[in-house]
Asks: 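Attaching a single structure in structure tokens format; questions to follow.
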Amino acid sequence: MRKSVLITGCSTGIGRATALAFARAGLPTYASARRLDTIEDLSAAGCRLLQLDVTDESSMTRAVATVEAECGSVGALINNAGYAEAAPMEEVTMAAIRKQFDTNVFGLLRLCQLVLPRMRELGAGTIVNVGSVGGLITAPAAGAYHMTKYSLEALSDALRIEVRGFGIGVVLLEPDGVRTQFPMTAAATMPRDVPGPYDGLKASHAEVLASSYRDGARGLLSPEAVAKVAVKAVTSTRPRARYRIGLQARFAPGLRRLVGDRGWDSLMARMFPA
Ligand code: NAP
């Protein structure tokens with residue numbers, strides 16, 4: 001029986017490209033989103049559609065139950081939904097950082113918990129978590145986002161060891177910049193209501209974000225490039241524990257180690273003048 005695939009956050013970007021790639025590969029593909037109207041067109045491409053908000057327990061339970069009823073189990077779970085909360089650490093509200101963790105970490109973990117019992121019974125399954133190069137290196141004004149993506153490194157490492165004996169694989173994708181809605185969503189979260197001590201940092205963060213993601217920016221990946229790796233991870237008989245996708249993802253962590261804390265801090269201070 002072909003592995004069924006459940007993907008979160010398919011309204012745009014990497015999730016949408018991944019749903020299309022799995023459907024094209026001929027696997028039963030469940031594309032999900034918070035709002036069904038944002039993914040309606042994916043059914044014409046062969047996807048089955050599910051409403052799923054990773055911060056809503058009942059929608060997660062319902063979605064997993066539907067796939068299990070129709071296909072026997074979730075063969076592969078692609079935990080893609082996520083966004084970046086942009087704010088200096090002093091200014092990020094506790095409500096905003098909780099929401100950031102609820103979406104990027106706790107929702108993802110909860111979905112793993114929901115699909116694992118059936119995967120264990122069958123002795124098969126793959127969980128692909130969409131991490132980031134932002135889980136390997138840190139820049140200022142996005143600390144909350146980095147916290148969540150660093151968490152996915154630990155979460156994926158622990159889970160992988162725990163479930164390997166049940167025949168279940170856990171894979172972490174670590175892409176660098178991908179051409180999606182991501183920078184726009186991040187920019188919209190930056191607190192700007194009153195002038196404050198971090199205005200210079202916020203301005204340089206906005207500039208770096210805009211220039212890194214502008215059309216033609218060097219090294220920017222297409223969502224399809226990440227989708228291709230997700231398909232490879234799910235269809236491979238021996239997937240790797242992590243896939244670094246893009247040049248920055250491959251080399252920036254090494255540079256970070258090489259220059260040490262002082263070197264990295266100076267580099268960041270030069271990139272993000274306050
Ligand atoms: P995107 O185009 O903004 O897509 C984010 C997706 O997540 C959207 O479908 C969004 O749905 C969904 N989402 C947000 N909160 C959700 C929730 N509570 N429940 C379900 N879905 C939710 O950005 P993207 O670049 O494709 O991001 C996908 C993943 O890749 C994220 O985990 C991101 O951290 C990671 N990533 C991105 C980059 C990059 O440079 N773009 C690099 C490395 C890693 P709505 O339309 O409903 O908001």
Side-chain angles (χ1 to χ4, degrees), residues 6-21 30-42 47 49-60 62-63 77-86 96 98-111 128-137 139 142 144-153 155-156 172-189 208-214 217 219-227 229-230 242-250 252:
L6 170 61
I7 308 154
T8 63
C10 295
S11 64
T12 54
I14 296 169
R16 167 169 288 260
T18 302
L20 289 170
Y30 290 82
S32 75
R34 286 194 277 202
R35 287 192 4 241
L36 277 176
D37 60 300
T38 61
I39 50 173
E40 257 165 17
D41 59 313
L42 290 177
C47 298
L49 312 185
L50 292 172
Q51 191 277 333
L52 197 168
D53 180 332
V54 300
T55 63
D56 174 15
E57 173 75 18
S58 61
S59 81
M60 288 191 276
R62 244 191 342 263
L77 168 66
I78 316 294
N79 275 316
N80 162 76
Y83 71 98
E85 181 68 39
R98 284 197 180 99
K99 183 172 164 224
Q100 176 79 117
F101 269 87
D102 280 340
T103 306
N104 291 12
V105 183
F106 303 138
L108 174 152
L109 174 60
R110 185 64 191 132
L111 269 176
V128 177
N129 294 329
V130 180
S132 169
V133 65
L136 301 166
I137 53 168
Y145 178 65
H146 290 294
M147 288 166 73
T148 64
K149 292 299 180 179
Y150 272 75
S151 293
L152 295 193
E153 295 283 327
L155 187 161
S156 304
L172 181 63
L173 306 187
E174 298 165 328
D176 56 42
V178 188
R179 205 175 306 109
T180 66
Q181 296 296 315
F182 178 84
M184 284 71 97
T185 308
T189 62
V208 172
L209 205 61
S211 68
S212 319
Y213 284 90
R214 75 175 190 280
L220 209 52
L221 296 163
S222 68
E224 289 74 23
V226 182
V229 181
R242 30 175 60 73
Y243 291 85
R244 290 192 180 166
I245 313 168
L247 279 181
Q248 212 198 111
R250 253 173 265 151

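Counting starts at 1 for both ligands and their atoms, in listed order.
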Asks: Is Arg16 salt-bridged to Asp41, cutoff N-O under 4.0 Å?
Replies: yes
Asks: Students should be able to answer this: which protein heavy-atom is nearest to atom 13 (N) of ligand 1, and at what distance?
Replies: Ala81 CB, 3.9 Å
Asks: Give me the atom names and distance for the closest heavy-atom approach of Ala230 to Thr18.
Replies: CB-CG2, 4.0 Å
Asks: Relative to the heavy atoms of Val130, which atoms of ligand 1 are at a distance of less than 4.0 Å?
Replies: 29 (C), 30 (O), 35 (C)
Asks: I'd like to know whether Cys10 forms a side-chain contact (heavy atoms from CB on, under 4.5 Å) with Leu42, so could you lay out the CA-CA distance, the side-chain angles of the two residues, the decisive distance to 0.1 Å, and finally the verdict.
Replies: CA-CA 9 Å; Cys10 295; Leu42 290 177; 4.1 Å; yes
Asks: Select one of side chain, backbone, both or neither to describe which atoms of Arg179 lie under 4.0 Å from any atom of ligand 1, heavy atoms only.
Replies: neither
Asks: I'd like to check which ligand 1 atoms, numbered from 1 as shown, lie under 4.0 Å from a non-hydrogen atom of Tyr145.
Replies: 33 (C), 34 (O), 36 (N), 44 (C)
Asks: How far is atom 12 (C) of ligand 1 from its nearest protein heavy atom, and which residue and atom is that?
Replies: Gly9 CA, 3.8 Å
Asks: Have a look at Leu108, Leu52, Thr12 and point out the one with the heavy atom closest to atom 4 (O) of ligand 1.
Replies: Thr12
Asks: For atom 46 (O) of ligand 1, what's the nearest protein heavy atom and its distance?
Replies: Ser11 OG, 2.6 Å
Asks: If you compare all heavy atoms of Leu209 against all heavy atoms of Ala186, which two are closest, and at what distance to 0.1 Å?
Replies: CD2-CB, 4.3 Å
Asks: Please check whether Gly15 reaches ligand 1 - meaning an N/O of the residue sits under 3.5 Å from an N/O of the ligand, judged on distance alone.
Replies: no
Asks: Return yes or no for this condition: an N or O of Arg34 is under 3.5 Å from an N or O of ligand 1.
Replies: yes
Asks: What protein heavy atom lies closest to atom 44 (C) of ligand 1? Include the residue and the distance to one decimal.
Replies: Gly131 O, 3.2 Å
Asks: Which one of Thr180, Thr18, Asn80 has a non-hydrogen atom at the shortest distance from atom 29 (C) of ligand 1?
Replies: Asn80
Asks: With rounding to the nearest 0.5 angstrom, report the CG to CZ distance, Leu52 to Arg35.
Replies: 15.0 Å
Asks: State plainly whether the residues Glu153 and Arg242 are in salt-bridge range, i.e. N to O under 4.0 Å.
Replies: yes
Asks: Taking all heavy atoms of Met60 and all of Asp53, pick out the closest pair and write down the distance.
Replies: CG-O, 3.7 Å
Asks: Mind checking whether Arg16 has a heavy atom under 4.0 Å from ligand 1?
Replies: no
Asks: Nearest protein heavy-atom contact for atom 42 (C) of ligand 1: which residue, which atom, what distance?
Replies: Asp176 O, 3.4 Å
Asks: For the residue pair Ser156 and Asn129, confirm or rule out a side-chain donor-acceptor distance under 3.5 Å.
Replies: yes
Asks: Give the minimum heavy-atom separation between Leu221 and Ile245, together with the two atoms involved.
Replies: CD1-O, 3.4 Å
Asks: Which heavy atom of the protein is the closest neighbour of atom 18 (N) of ligand 1, given with residue, atom name and distance?
Replies: Asp53 OD1, 3.0 Å
Asks: Show which atoms of ligand 1 fall inside a sub-4.0 Å distance from at least one heavy-atom site of Gly177.
Replies: 40 (O)
Asks: Could you identify the single nearest non-hydrogen protein atom to atom 19 (N) of ligand 1 and state the distance to 0.1 Å?
Replies: Val54 N, 3.0 Å
Asks: Which pair of non-hydrogen atoms, one from Ser11 and one from Thr38, has the smallest distance, and what is that distance?
Replies: CB-OG1, 3.3 Å
Asks: Mark up the atoms of ligand 1 that fall under 4.0 Å of a heavy atom belonging to Gly13, in ascending order.
Replies: 2 (O), 26 (O)
Asks: Tell me if a side-chain donor or acceptor on Gln100 pairs with a main-chain N or O of Tyr83 at a distance below 3.5 Å.
Replies: yes
Asks: Can you report which non-hydrogen protein atom sits closest to atom 26 (O) of ligand 1, along with the distance?
Replies: Ile14 N, 2.8 Å
Asks: Just going by heavy-atom distances, which of Thr38, Val133, Val178 is nearest to atom 39 (C) of ligand 1?
Replies: Val178
Asks: Looking at ligand 1, is there an atom of it that comes within less than 4.0 Å of some heavy atom belonging to Ala33?
Replies: no
Asks: Salt bridge or not between Glu57 and Arg110? Use side-chain N to carboxylate O under 4.0 Å.
Replies: yes
Asks: Please find out if less than 6.0 Å separates the ring center of Tyr145 from that of Phe182.
Replies: yes
Asks: Looking at Ala81 and Val54, what are the two nearest heavy atoms and their distance?
Replies: CB-CG1, 4.1 Å
Asks: Using a 4.0 Å cutoff against the non-hydrogen atoms of Tyr213, which atoms of ligand 1 qualify?
Replies: 39 (C), 40 (O)
Asks: Quick one: which ligand 1 atoms are inside 4.0 Å of a heavy atom on Gly82?
Replies: 5 (C), 7 (O), 31 (C), 32 (O)
Asks: State whether the shortest distance between N or O atoms of Lys149 and N or O atoms of ligand 1 falls below 3.5 angstrom.
Replies: yes
